[in-house]
Amino acid sequence: MPEMLEVEAYRLAAEPVVGRTISTVSAPDQWYVKGGSTPSQLVEMLPGKRVIAVRRVGKLMLVDTDGPVIGLRYGMTGRILVDGGGPIDRLEYSSDRNDPAWDRFALSFEGGGSLVLRDPRRLGGIELDPDEDRLGPDAGVVGLAAFRKVLSGSSLALKARLLDQNKIAGLGNLLVDDMLYRAAVAPDRPVNTLAADEVARLHKAMRRTLAILGRRGGSHTGDLQPVRMRGGHCPKDGTELRRGDVGGRTTYWCPLHQT
DNA sequence: CCGGATGTTCACCT
DNA sequence: GAGGTGAACATCCG
């Protein structure tokens, strides 16, 4: 997905629909509607409801209404279109084509305008009243003390724990690799071997990574991104990067300075 | 043609 | 329960 930086861009783009009233709903894909709801329930329940706010926790976007909360997940290739336009035209690993056949969910509003979720690979989803409590604290706001709790009581690999949305919400594959690169910590370190100063370094690196990549324009603008390939070299010291599977995801890191 | 890509969930192991 | 693995979803790119 879009990781949290992209979802935040989507959230911002959706702000203009706050205050509008939903007129019609399109949910053509049953598989895309999660959490035990059915497309027909959405189509019945949402028209007439007014949008109160658009929020985000981690990678989950939440549209508050005076009825149910609408939860939007973007998977890896989901984009938002608001009143016909989108904040991100080109998405890494998605399609440059722009086929309305990939519209998995759409709201139309009284007086005009729309909010559309366009998702080629269909990895995202819609859920009414999603359980927000299952998510860990948002990576953008979590403080050092809470972050220490995230990284405690487990022998799991560091990267696997950082990707666990129930422990800390918002980080994806690219953001984690870049923050670990900056923090100079190896992704396969068991969480319970991290020293207190390393955890502090990770927290600082996470915040810097989010700020810098946010400014640059997204999760794909990390320092590791240009060399994220077989045979890539560390921008810091020129060492050939290691490539491996950590936490079930392809991972690149520098074997020299990330320890 | 094949493998792999910003993700999540579920089944099935140990 | 914790943790690992592989499959599933569908499309594009090298």
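Between A:Leu175 atom CG and B:dT6 atom C1' the separation is 8 Å, expressed in whole Å. Per the geometry, OH belonging to A:Tyr32 stands 12 Å off C1' belonging to B:dT8, to the nearest Å. One interatomic measurement links the two molecules: CG of A:Leu174 to P of B:dG4, which rounds to 17 Å at whole-angstrom precision. Rounded to whole angstrom, the span from the NZ atom of A:Lys167 across to the P atom of C:dG1 amounts to 12 Å. The CG atom of A:Asp177 sits 11 Å away from the C1' atom of B:dT6 (whole-angstrom rounding). If you take CZ of A:Arg73 and P of B:dT6, they are 19 Å apart, rounded to a whole angstrom. Taking atom CD on A:Gln225 and atom C1' on B:dA5, their separation rounds to 11 Å, with Å as the unit. Atom-to-atom, CZ of A:Arg228 to P of C:dC13 comes out at 19 Å; the value is rounded to the nearest Å.
For the C1' atom pair drawn from C:dG4 and B:dT6, the interatomic distance equals 23 Å after rounding to whole Å.
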Write out a two-atom table: protein N or O, nucleotide N or O from nucleotides 3-6 of chain C, distance below 3.5 Å.
from  : atom 1 : to       : atom 2 : distance (Å)
C:dG3 : OP1    : A:Ser154 : OG     : 3.0

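Residue pairs meeting the ring pair (Phe, Tyr, Trp, His ring centres under 6.0 Å) criterion with at least one member in residues 12-69 of chain A: none, sequence neighbours excluded. Within the structure, salt bridge (charged side-chain N to carboxylate O under 4.0 Å, His left out) contacts touching residues 38-49 of chain A (residues at least two apart or in different chains) do not occur. Counting only residues at least two apart or on different chains, the ring pair (Phe, Tyr, Trp, His ring centres under 6.0 Å) pairs with a member in residues 113-168 of chain A are A:Phe147-A:His203. For residues 178-201 of chain A, the pairs satisfying ring pair (Phe, Tyr, Trp, His ring centres under 6.0 Å) are A:Tyr181-A:His257, with sequence neighbours left out.
Looking at residues two or more places apart in sequence or on another chain, you find a side chain to side chain contact (heavy atoms under 4.5 Å, CB included) between A:Arg208 and A:Arg182, A:Ile212.
Ion pairing between A:Glu3 and A:Lys59 fails under the 4.0 Å rule for side-chain N and carboxylate O. With respect to A:Arg55 and A:Asp138, no salt bridge is recorded, no charged nitrogen being found less than 4.0 Å from a carboxylate O.
Minimum atom distance to the side chain of A:Arg134 is reached by B:dT9, of the listed B:dT9, B:dT6, C:dT11. For A:Arg121, counting side-chain heavy atoms from C-beta on, the closest listed nucleotide (C:dC9, B:dT6, B:dT8) is C:dC9. For A:Pro2, taking side-chain heavy atoms from C-beta onward, the closest of the listed nucleotides C:dT11, B:dT8, B:dT6 is B:dT6. The side chain of A:Gln165 sits closest to B:dT8 out of B:dG4, C:dC9, B:dT8. Nearest to the side chain of A:Arg122, among C:dA10, B:dT6, B:dG4, sits C:dA10. When distances are taken from the side chain of A:Leu123 to each of C:dT11, C:dC9, B:dA5, the shortest belongs to C:dC9.
Taking Ile, Leu, Val, Met, Phe, Trp and Tyr as hydrophobic and joining them when side-chain heavy atoms fall under 4.5 Å apart, one finds A:Val116 in a cluster with A:Leu81. A:Val246 belongs to a hydrophobic cluster with A:Trp253, counting contacts under 4.5 Å between side-chain heavy atoms of Ile, Leu, Val, Met, Phe, Trp and Tyr, direct or through other members.
Look at A:Thr250 and you'll find a side-chain N or O under 4.0 angstrom from OP1 or OP2 of B:dA5. Here A:Lys34 does not reach the OP1 or OP2 of B:dT8: none of its side-chain N or O atoms lies under 4.0 Å away. In this structure, A:Trp102 reaches the C:dT11 phosphate: one of its side-chain N or O atoms is under 4.0 Å from OP1 or OP2.
With hydrogens and angles left out, the side-chain atoms of A:Asp119 and A:Thr77 include a donor and acceptor closer than 3.5 Å.
Contact annotation for A:Arg104: no contact, since no heavy-atom pair falls under 4.0 Å across all strands.
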**Item:** Base-pair map of DNA chain B as dot-bracket, where | denotes pairing with a different strand and pairs are Watson-Crick or G-U under 3.5 Å
**Value:** .||||.||||||||
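For B:dT6, the base is syn relative to its sugar; the glycosidic angle is within 90° of 0.
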